[in-house]
Number of protein chains: 2
Amino acid sequence: MIEYSGQPHYLVAVDCIVFGFDGEHLKILLVKRGLEPEINKWSLMGGFVGADESPDDAANRVLKKMTGLEGVYLEQMQIYGEPKRDPIERTLSVGYFALIDIHKYEEQLNDDYEAEWFLINDRPKLIFDHNEMVADARKKLRYKAALHPILFEMLPKKFTIPQLHILFEEVNDTKIDTRNFSRKISSTGLLIKLTEKDRSGSKKGAFYFKLDKKKYAANAQAFLNLMPNLKV
Amino acid sequence: MIEYSGQPHYLVAVDCIVFGFDGEHLKILLVKRGLEPEINKWSLMGGFVGADESPDDAANRVLKKMTGLEGVYLEQMQIYGEPKRDPIERTLSVGYFALIDIHKYEEQLNDDYEAEWFLINDRPKLIFDHNEMVADARKKLRYKAALHPILFEMLPKKFTIPQLHILFEEVNDTKIDTRNFSRKISSTGLLIKLTEKDRSGSKKGAFYFKLDKKKYAANAQAFLNLMPNLKV
DNA sequence: ATTATTAATTGTCAAAACGACAATTAATAA
DNA sequence: TTATTAATTGTCGTTTTGACAATTAATAAT
């Protein structure tokens, strides 16, 4: 049996930056770490890549295990592999960011893992290089969301334009003209207007929309220019 | 001493898709694999991640070792981690794509490694999942180059607009209107016109340009819309 | 020397996209 | 009935885009 002799072996993990939106602010989901070192400190959801799974598989498994959710929007970000990033033993971690409808997880909340949503701008210090990962994920989310219609993934099936508007402002940390925004969103042709209105936010009420799944799938890779005056 | 008991350890490698441009066509640099299995088959430039280096370090080391080049444009692509991708032993590989000035390497060619440039569309079958990596790298190059001025990395210090034009057409596998192209490139403000002309290609001759390093650095992250009628 | 030729470069223009800004509308509360 | 508020639709000048044409700078042919 041939083998690659003498080469060092490492642990390989995945870590997920899970983004959610509560209607006002961008949030991330953190967990209390369950093993030494740094046990009980806040960290990203993560785990080791098992013998029979790919990193993508592992990320999905971790999310499923910790939130109960399947089919979550998940995107590979980059690998974190500085030799000393884990003080115990060399571990390379594949960073992912995930977008989920925050309400789905609130319903699903179980006590097996101590998980909690934090405002992105008011979160505890995290272990290892997880703070760096969050910063990278935020940058990547902003980048991607400026070109591709992915922020819908953080909204419920039915949503209003004003909701989407606030979400875009949150992600980009900027004000966007309401009038131009709705026109631009409409022009993508990705939304289907429903007859029902959301009356919770205003007297007039805002129409609910849903995604046109087919067009969404067809445009997931298209460049859209969703952000005005974009300078990265 | 604490340790992560019972978790499996893997080899971690890097593989580089090295792109070059010969003035007419896009090429990739391949090497004859130097170890079993699949010894002497064509493969990407790669190597294992050493104990004291990050994957980025490893990719740079591999490129330096095999081409003699330093400071090469290198971008992390994604991780390839299917459990069975390497038949000998589980190895995860971090894929990178690199852009180099093809002439720099031709000068530098040494015989320690059997390396050769291949037309991207006329290359030998590669080992393992390297064919998939090349396909992914091409897609990513196209994506990135449509938004960011990175293709300059494949040209010499002095280059002409027609050269750049052909390169864009090659990368995107499409025809681009010459007239609109030069205007768009000029409008980026990234080029400095030199007084010298390249007379090899035509009677009139084409002016040489060089990159405005400062503006290039400032715009490396900016969205530029370098491709007309862009549909991804 | 003059002319034909060729590729590089500059020019034109209508349509579309963009974005600053205003007016209208649909509801509720006073 | 009216005031109020947020959602929605509208206006319009500017900029960008991209299809297409004309000019220019050189060399090669006559």
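Proteins get letters first, then strands, A, B, ... in listed order; numbering begins at 1 in each.
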Discussion item. Classify the ring geometry of F181(B) against H165(B): parallel below 30°, tilted from 30° to 60°, perpendicular beyond 60°.
Written reply: tilted
Fill in: salt bridge (charged side-chain N to carboxylate O under 4.0 Å, His left out) partners of K197(A), counting only residues at least two apart
none
Distance-only criterion, 3.5 Å: show the donor-acceptor pairs between side-chain atoms of residues 201-213 of chain A and protein atoms not counting sequence neighbours.
unit_1, atom_1, unit_2, atom_2, d
S202(A), OG, G205(A), N, 2.9
D212(A), OD1, K214(A), N, 3.3
D212(A), OD1, K215(A), N, 3.4

Worksheet, complete the sentence: In whole angstroms, the gap separating C1' of dG19(C) from NZ of K175(A) amounts to 18 Å
Worksheet item: How close or far is atom P of dG19(C) from atom CD1 of I176(A), stated in whole angstroms?
Response: 11 Å
Discussion item. For the residue pair D56(A) / S54(A), report whether a side-chain donor-acceptor contact shorter than 3.5 Å exists.
Written reply: no
Practice prompt. Examine the side chains of Y80(B) and E82(B) and answer whether a donor and an acceptor come within less than 3.5 Å of each other.
Written response: no
Fill in: Short side-chain donor-acceptor distance under 3.5 Å, D15(B) and S93(B)
yes
Worksheet item: How many angstroms lie between atom CG of L26(A) and atom CG of N121(A), to the nearest 0.5 angstrom?
Response: 8.0 Å
Discussion item. I need the residues from residues 177-187 of chain B with at least one non-hydrogen atom less than 4.0 Å from DNA chain D; give them sorted by number, or say none.
Written reply: D177(B), R179(B), N180(B), R183(B), K184(B)
Worksheet item: Rounding to a whole Å, what distance do you find between H165(A):NE2 and dT8(D):C1'?
Response: 13 Å
Worksheet item: Taking only residues two or more places apart in sequence or in another chain, which ones pass salt bridge (charged side-chain N to carboxylate O under 4.0 Å, His left out) with D101(A)?
Response: none
Worksheet item: Parallel, tilted or perpendicular: which fits the ring planes of F152(B) and Y216(B), with parallel below 30° and perpendicular above 60°?
Response: perpendicular
Practice prompt. Using heavy atoms to find the nearest nucleotide of DNA chain D for K193(A) and L224(B) separately, return the residue whose nucleotide is more 5′.
Written response: K193(A)
Worksheet item: By a strict heavy-atom criterion of less than 4.0 Å, which residues belonging to residues 196-210 of chain B are in contact with DNA chain D?
Response: K197(B), R199(B), K203(B), K204(B)
Response to the item:
For DNA chain C, consecutive-pair runs of 3 or more (Watson-Crick or G-U wobble, both H-bond-type distances under 3.5 Å) give C:1-30 with D:1-30
Discussion item. Using 0.5 Å steps for rounding, measure from the CD atom of Q76(A) to the CE atom of M77(B).
Written reply: 10.0 Å
